[in-house]
**Q** 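Take a look at this one; I'll ask things after.
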Amino acid sequence: MENIHRSLRKRSISSVKIGTTLAMDALADGAFPRPPSAAAFRADIAEAVVRPLLHFLNGTNSYYFVDAYPYFVWADNNLTVSLDYALFQGGRTRYVDPGTGLTYTNLLDEMLDAVVIAMAKLGYGHVKLAIAETGWPNGCDYNQIGGNVHNAAIYNRNLAARMAKNPGTPVRPGAKMPVFVFSLYNEDLKPGPGTERHWGLYYANGTAVYEIDLTGRRPLGSYPPLPAPENNTPYKGPIWCVLSAAASNKLNETAVGNALSYACGQGNGTCDAIQPGKTCYTPNTTAAHASYAFNSYWQQFEKTGATCYFNNLAEQTIKDPSHGSCRFPSSSGSP
């Protein structure tokens with residue numbers, strides 16, 4: 001950052017601000033440091049990383065760029081944090097910080113002020129803040145919660161309308177703040193949980209997921225009706241991981257075979273049931289064996305971070321794929 005800054009100064013360019021993004025886990029209490037007044041940077045990076053960064057940002061009049069996602073905070077704390085509070089429509093929902101006496105009406109402001117207060121504790125309480133990433137997923141897996149078009153549209157529309165008025169935060173009322181929405185497109189080939197592929201304002205084919213005016217000037221009541229949310233409460237039924245319909249309909253034997261071999265090579269007895277003479281050997285097809293292997297692998301390793309993805313060949317289902325004497329193990333959907 002210092003090298004880039006010097007290069008710009010040599011060319012008399014002062015309007016370009018240099019910084020780097022930090023996630024909320026730079027704070028000691030992670031993404032949800034409540035109350036905000038108790039927030040501080042992690043001990044392992046506060047002096048070695050954050051203080052010199054803040055010194056640079058302060059000296060160059062740049063911004064602390066933060067990735068702030070109320071979705072993840074709400075999803076992990078949905079029994080104590082209301083969805084409306086996370087979507088900027090909390091109504092009478094309020095949170096009063098016992099340390100400052102400040103009143104909060106939405107979750108994002110809590111997160112931003114936690115960063116501001118943590119900076120102040122290092123002596124840099126006046127460094128400007130910018131939101132490098134924020135947004136809400138328009139889809140998710142069955143074992144996730146609240147990722148749908150309805151919530152995504154509400155969050156981003158309310159965000160745009162709110163930020164257009166430069167409200168600042170309770171600690172910094174009226175402060176102007178650059179905001180970047182993540183993301184432009186759904187990343188349909190991105191690995192990981194279902195939310196990872198569903199943050200876009202547009203689908204991968206270029207069509208809009210929902211209407212939105214990022215200037216924030218369009219009246220919220222002028223938008224067309226949104227589809228009703230279907231997953232705002234945890235799904236608690238059984239879930240399986242199988243070969244996706246798209247992969248099955250246009251089967252790539254090599255790709256599916258490689259994924260099948262990988263799944264069978266992990267764990268203990270992952271693919272015993274699809275060996276000759278065993279209960280799930282028939283039908284003896286790559287597709288059928290892949291579904292069993294994907295599910296067996298996922299059920300064993302989900303709790304240690306495994307996802308139902310397999311290079312975009314797998315998908316979750318709540319329809320039991322068991323057949324005859326072949327039984328597919330299942331997991332509970334509750335996160």
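Keep in mind the model is a prediction, meaning the values are calculated, not measured.
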**Q** Would you say the ring centroid of Y185 lies under 6.0 angstrom from that of Y203?
**A**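 So the answer is no for these two rings.
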**Q** Could you verify whether a donor N or O on one side chain and an acceptor N or O on the other, from N138 and N186, lie under 3.5 Å apart?
**A**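 The criterion, which ignores hydrogens and geometry beyond distance, is satisfied for N186 and N138.
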**Q** Minimum heavy-atom separation for P35 and P98, please, with both atom names.
**A**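 Taking every non-hydrogen atom into account, CB-CD, 3.8 Å.
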**Q** In this structure, is the centre-to-centre distance between the rings of F310 and Y297 below 6.0 Å?
**A**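 Here the rings of F310 and Y297 have centres that are less than 6.0 Å from each other.
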**Q** Could you walk me through whether W199 and E187 pass the side-chain contact (heavy atoms from CB on, under 4.5 Å) test, one step at a time?
**A** CA-CA 8 Å; W199 292 88; E187 299 174 273; 5.8 Å; no
**Q** Regarding Y71 and N151, is there a side-chain donor-to-acceptor distance under 3.5 Å anywhere?
**A**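 No.
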**Q** Count the heavy atoms belonging to other residues, nucleotides or ligands that lie under 6.0 Å from NZ of K190, then report whether that count exceeds 12.
**A**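 Yes.
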**Q** Is it the case that the side chains of S82 and D84 hold a donor-acceptor pair, with the cut-off being a distance below 3.5 Å and no angle test?
**A**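 No.
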**Q** C271 vs Y292, test: side-chain contact (heavy atoms from CB on, under 4.5 Å). Steps then yes/no.
**A** CA-CA 8 Å; C271 293; Y292 184 88; 5.5 Å; no
**Q** Got a second to check how far H126's NE2 is from N61's CG, nearest 0.5 Å?
**A**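 Between atom NE2 of H126 and atom CG of N61 there are 13.0 Å.
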**Q** Does D213 offer a backbone N or O that forms a donor-acceptor pair with the side chain of R217 under 3.5 Å?
**A**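 A pair under 3.5 Å: no.
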**Q** Any side-chain to backbone donor/acceptor pair from N158 onto I154? Under 3.5 Å, distance only.
**A**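 Side chain of N158 to backbone of I154, a donor-acceptor pair under 3.5 Å: yes, one is there.
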**Q** Under the 6.0 Å and 45° cation-pi test, does R34 pair with Y95?
**A**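 Checked: cation-pi criterion met.
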**Q** For K121, I'd like to know if atom NZ has over 12 heavy atoms of other residues, nucleotides or ligands within 6.0 Å.
**A**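 Atom NZ in K121 is packed in, count exceeds 12.
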**Q** Given the rule in the side chain to side chain donor-acceptor pair (under 3.5 Å) test, do N156 and Y210 qualify, once you have shown the distances and angles that lead to the verdict?
**A** CA-CA 10 Å; N156 283 327; Y210 48 85; 2.8 Å; yes
**Q** Would you say the side-chain atoms of N148 and E230 include a donor-acceptor pair closer than 3.5 Å?
**A**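 Judged by distance alone, the side chains do not pair up.
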**Q** Determine whether the side chains of N268 and Q300 contain a donor N or O and an acceptor N or O closer than 3.5 Å.
**A**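 Side-chain D/A pair, N268 to Q300: absent.
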**Q** Would you sort out whether F328 and S291 count as a side-chain contact (heavy atoms from CB on, under 4.5 Å), showing the intermediate values?
**A** CA-CA 9 Å; F328 281 53; S291 280; 4.2 Å; yes
**Q** For the CG atom of L201 and the CG atom of L214, what is their distance to the nearest 0.5 Å?
**A**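 So the gap between those two atoms works out to 6.0 Å.
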**Q** So L243 and S248, do their side chains get closer than 4.5 Å, heavy atoms only?
**A**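 In contact.
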**Q** Look only at the side chain of T169 and the backbone of D113, and say whether a donor-acceptor pair between them is shorter than 3.5 Å.
**A**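 No: the side chain of T169 does not pair with the backbone of D113.
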**Q** Please report the C-alpha distance between I318 and Y142 in whole Å, then the side-chain angles of each, then the deciding distance to 0.1 Å, and finally whether the side-chain contact (heavy atoms from CB on, under 4.5 Å) criterion is met.
**A** CA-CA 8 Å; I318 56 175; Y142 285 110; 3.7 Å; yes
**Q** Hey, could you give me the CZ/CD distance between R42 and E47, rounded to the nearest 0.5 Å?
**A**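 It is 14.0 Å, given to the nearest 0.5 Å.
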**Q** Determine, for Y63 and K17, whether the Lys NZ or Arg CZ falls below 6.0 Å from the six-membered ring centre while staying within 45 degrees of the axis.
**A**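 Because its charged atom misses either the 6.0 Å distance or the 45° angle limit, K17 does not stack over Y63.
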**Q** With heavy-atom distances below 4.5 Å as the criterion, would you say the side chains of T207 and Y202 are in contact?
**A**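 The answer is no; the side chains never approach within 4.5 Å.
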**Q** Report yes or no: does T60 contribute a side-chain atom to a donor-acceptor pair with the main-chain N or O of F56 at less than 3.5 Å?
**A**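 Present.
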**Q** Can R94 be said to sit on top of Y104's aromatic six-ring, NZ or CZ under 6.0 Å from centre and within 45° of the ring axis?
**A**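 Relative to the ring axis of Y104, which defines the angle, R94 lies outside at least one limit.
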**Q** For V81, is there any backbone N or O sitting under 3.5 Å from a side-chain donor or acceptor partner on N77?
**A**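 The answer is no, because no donor-acceptor pair under 3.5 Å joins these two groups.
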**Q** If you round to the nearest 0.5 Å, how far is CG of L108 from CG of L87?
**A**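 Spacing of CG (L87) from CG (L108) equals 11.5 Å.
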**Q** Could you tell me whether the side chain of V66 reaches within less than 4.5 Å of the side chain of L22, counting heavy atoms only?
**A**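 No, side chains not in contact.
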**Q** In Å, rounded to the nearest 0.5 Å, how long is the span from CE of M1 to CD1 of I18?
**A**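 Taking CE in M1 and CD1 in I18, the distance rounds to 9.0 Å.
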**Q** Which atom pair, heavy atoms only, marks the closest approach of S62 to K128?
**A**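 For S62 versus K128, the nearest heavy atoms are O-CE, 3.8 Å.
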**Q** Does the side chain of F88 reach to within under 4.5 Å of the side chain of R157, using non-hydrogen atoms?
**A**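 Heavy-atom side-chain distance check fails, nothing below 4.5 Å.
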**Q** Between the side chain of W136 and the main-chain N/O of P70, is any donor-acceptor distance below 3.5 Å?
**A**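 Side chain of W136 to backbone of P70, a donor-acceptor pair under 3.5 Å: no, none is there.
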**Q** Does the side chain of Q299 reach to within under 4.5 Å of the side chain of C241, using non-hydrogen atoms?
**A**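 Result no, sub-4.5 Å side-chain heavy-atom pair not found.
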**Q** One pair to check against side chain to side chain donor-acceptor pair (under 3.5 Å): N143 and E302. What are the steps and the verdict?
**A** CA-CA 11 Å; N143 60 341; E302 178 197 3; 2.8 Å; yes
**Q** Mind checking the OG-CD1 spacing from S37 to I117? Nearest 0.5 Å is all I need.
**A**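 Those atoms lie 5.5 Å apart.
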**Q** Looking only at side chains, do E133 and T21 share a donor and an acceptor under 3.5 Å apart?
**A**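 Short answer, no.
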**Q** Going by atom types alone, do N258 and N311 pair a side-chain donor with an acceptor below 3.5 Å?
**A**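 There is no such pair (donor and acceptor under 3.5 Å, judged by atom type) between the side chains of N258 and N311.
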**Q** Counting N and O atoms only, with roles assigned by atom type, does the side chain of T286 sit under 3.5 Å from a partner on the main chain of G257, one being a donor and the other an acceptor?
**A**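 Pair absent, no side-chain N/O of T286 close to backbone of G257.
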**Q** Under a 4.5 Å cut-off applied to non-hydrogen side-chain atoms, are P170 and T103 in contact?
**A**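 They are not in contact (no side-chain heavy atoms under 4.5 Å apart), so the answer is no.
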**Q** Hey, does the side chain of S244 reach the backbone of E315 with a donor-acceptor pair shorter than 3.5 angstrom?
**A**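 No.
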**Q** Is it true that the side chains of T282 and N284 contain a donor and an acceptor less than 3.5 Å apart?
**A**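 No pair is found: no donor N or O on one side chain lies under 3.5 Å from an acceptor on the other.
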**Q** Do V209 and V149 come close enough that some side-chain heavy atom pair is under 4.5 Å?
**A**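 Heavy-atom side-chain distance check passes, below 4.5 Å.
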**Q** Has the side chain of R218 got a donor or acceptor atom that lies under 3.5 Å from a matching backbone atom of S222?
**A**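 Indeed, once roles are kept as given, a pair shorter than 3.5 Å links the two residues.
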**Q** Between R162 and D109, does any NZ, NE, NH1 or NH2 come within less than 4.0 Å of an OD or OE carboxylate oxygen?
**A**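 Answer for the salt bridge query: yes.
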**Q** Does any non-hydrogen side-chain atom of V242 lie less than 4.5 Å from one of F294?
**A**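 Heavy-atom side-chain distance check fails, nothing below 4.5 Å.
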